[in-house]
Each structure stands twice: as C-alpha cells, then as structure tokens.
Amino acid sequence: MTRRWFSLVVPLALPWALACATPSATGPSEAASAGGEGGEASGEATAEAQRADAHERGPLGALHAGDTLTYLVHDATGDHRAYYLVHEVVRRGDAVAVRLRPIGAPVGESLVIFGGWIVAGPEGVLALEPHVSLGEPGFVPIGVDGALVTEARGMVAWRVPPRWSNADARAFETDAVDGWRLADVHDAIEGPVRGEGCVRLERSDASITTAFVVCRNVGVLRMERRGEGDESDGSWRLVDLGAAAGELDDQPLGAGVEGPSADRGAIP
C-alpha cells in the first residue's frame, strides 16, 4: 500500500507607502492638474506595483495563480513528469496560503505527492494533508488575521518553524518538529528553478528515510526516499515553474531536463 508520506499543498514584507511627494519643477497650477483623475490613477498604479513587488519578495512569492509546477519524478518504473496547478493564492494578514491541484493522474508508486495547501506566515511554512473538508468551495486555511484556522491545525503534514531558516540553525537545533528534524540550511540552491532560503528536513520510519527541501520562494523544491543501504526509493525535483502542462512533453526526460541523470536523485 502506498504510504502518504508527503503533502504538497512558506512574514510578508509590507510595501513602502508613499510618504511624500517627489519634488517637481512644475508650477502650482500644473501640480494641481497632475493631482486630478490622471494623477490618482497613476498613484493607484504605483501602489499596486509596490504591493506586487512586496509579494514577489515575500514567502511563496514565486507562486502565482495559474502557474504550473512541473516535477521530474524518478522511481522504479523510470522517469516521469508530474504537474501541479497553482489553483489559488490567498493573502491575509502576514500570511499567504497556496492551494495546489494535481493535473492528470498521479505519478509514481512508491513516492506520491497529494495536492493540498501550503501556508507561510508567522508560524513558519507548513503543508496540510489532503482532506475533503479542506477542499470545499470557499475554504481557506488562514483567518483574516493570517493565523491557521482550527479546522486546519489537525491536518498539518510537516512544518518548518521560522527559527529553522536561520543560517546558524544547524549549529544548535536538535528538537524534531512533528517527527521531522532539521538536516541542513541553504541560502540558495541553483537549478532549473532557483530555490531561495531553503531548509532540508528528514524523517526516518523503520528502514525508510524521507527527505525534502523546502524553499521560501517556491515551497517544495526536492523530495527523496531512501531505503536500506542508502538506496533511492524515488525522488522528485522541481524542473519548471510557469509552463503549462504539456508544453514540456516534446522535451526528453532526465538529462534533457535538468542535467546529467546520475545527479537526478541527489538532494543537497
């Protein structure tokens, strides 16, 4: 029976307000004219651009509604691609919640990712297990203040507390969170999709070790399971963000997507 080991479901920077007007060489009458309808529209556009920029730089800022996450999956049956649609992005308070929906049939047998919610906010970055109640129309896992709602608290699959993102966390962090332990911290990870502010988590169950890398800008970047003798039991790697499902179908899997196939299972 396939084990549901993972669920895909990472405080936001506030935009700077326009504290003062830019000095202008125009006279009073021209300034008054500029402050009319056209000036108001320009000011609104500027404020909107600032909000958009703040979101881009905030947690999960690289994920936008309508984007597609493409993962290269390697398991016992070979290489495959798995697609997840960014179905919804909700910002409330200092938190953001992103709902991911799988496109097409599930990929892989020993390593399965379920669609669900990823939440980033004051409590850190966390993913929710898929559940029928969490997928009901209108449901959002964060309240107006950005805090996780009661219905979602019992569905947390994994969590990266804020302290784990500190560069020196590995020097002192020993307590596991929800069974997961901090394995490493990376300021950035280069690849087909760049990960920023990344943390590696690990958990061992019997003879299986599960590891994945969560990055502040994109959520889950890489995943892997290893059995006895450090033998890979399957891996996932984010290889594209934005392209629609099907646009990569003509490209070869493995080396053609992300470099030498011998490196495809390695997680930093």
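Residue numbers count from 1 along this sequence. Any value given below was found using the heavy atoms of this structure, including those in side chains, with hydrogens, waters and symmetry copies removed. What you see is a predicted model, and the numbers here were worked out from it, not measured in a lab.
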Close side-chain approach of Val96 and Val90, heavy atoms under 4.5 Å: no

Close side-chain approach of Leu201 to Trp164, heavy-atom, < 4.5 Å: yes

Ring centre gap for Phe212 and Trp158 strictly below 6.0 Å: yes

Closest approach of Leu221 to Gly195 (non-hydrogen atoms, all atoms of both residues): CD2-CA, 4.4 Å

Main-chain N/O of Ile142 paired with Arg92 side-chain donor or acceptor, under 3.5 Å: yes

Same apolar cluster: Ile208 and Val73, side chain cutoff 4.5 Å: no

Contacts of type side chain to side chain contact (heavy atoms under 4.5 Å, CB included), residue Val193, not counting sequence neighbours: Val218, Leu238, Leu241

Residues forming a side-chain hydrogen bond (donor to acceptor under 3.5 Å, both in side chains) with Thr68, sequence neighbours excluded: none

Derivation and outcome, side-chain contact (heavy atoms from CB on, under 4.5 Å), residues Leu60 and Arg216: CA-CA 6 Å; Leu60 303 180; Arg216 183 175 184 269; over 6 Å; no

Counterpart residues, side chain to side chain contact (heavy atoms under 4.5 Å, CB included), relative to Asp145 (two or more places apart): Ala147

Test log, rule side-chain contact (heavy atoms from CB on, under 4.5 Å), inputs His80 and Asp75: CA-CA 8 Å; His80 318 272; Asp75 61 17; 3.4 Å; yes

CG on Leu128 to CE on Met155, rounded to 0.5 Å: 8.5 Å

For Glu136, all residues meeting side-chain hydrogen bond (donor to acceptor under 3.5 Å, both in side chains), sequence neighbours excluded: none

Non-hydrogen side-chain atoms of Tyr83 and Leu85 separated by less than 4.5 Å: no

Beyond-backbone contact of Val177 with Arg163, side-chain heavy atoms, under 4.5 angstrom: yes

Pairs flagged by salt bridge (Lys or Arg N to Asp or Glu O under 4.0 Å) wherever residues 146-155 is involved - sequence neighbours left out: Glu123-Arg153

Any side-chain heavy-atom pair of Val220 and Trp236 under 4.5 Å: no

Atom pair CZ (Arg237) and NE2 (His74), whose distance is rounded to the nearest 0.5 Å: 11.5 Å

Arg181: salt bridge (Lys or Arg N to Asp or Glu O under 4.0 Å) partners, not counting sequence neighbours: Glu202

Beyond-backbone contact of Glu196 with Cys215, side-chain heavy atoms, under 4.5 angstrom: no

Value rounded to 0.5 Å, distance of CD in Glu88 from CG in Leu63: 13.5 Å

Side-chain donor/acceptor of Asp178 to backbone N/O of Trp180, under 3.5 Å: no

Stepwise side-chain contact (heavy atoms from CB on, under 4.5 Å) check, Val156 with Leu148: CA-CA 10 Å; Val156 176; Leu148 202 65; 4.1 Å; yes

Closest approach of Ala97 to Val119 (non-hydrogen atoms, all atoms of both residues): CB-CG2, 4.1 Å

Test item: Asn217 side-chain N/O and Arg194 main-chain N/O as donor-acceptor pair under 3.5 Å: yes

Ser204 to Thr209 - nearest heavy-atom pair and separation: OG-OG1, 3.2 Å

Shortest non-hydrogen separation from Pro162 to Pro122 and the atoms involved: CG-O, 3.5 Å

side-chain contact (heavy atoms from CB on, under 4.5 Å) evaluation trace for Val160 with Leu126: CA-CA 6 Å; Val160 178; Leu126 57 91; over 6 Å; no

Val125 vs Val199 side-chain heavy atoms within contact, under 4.5 Å: no

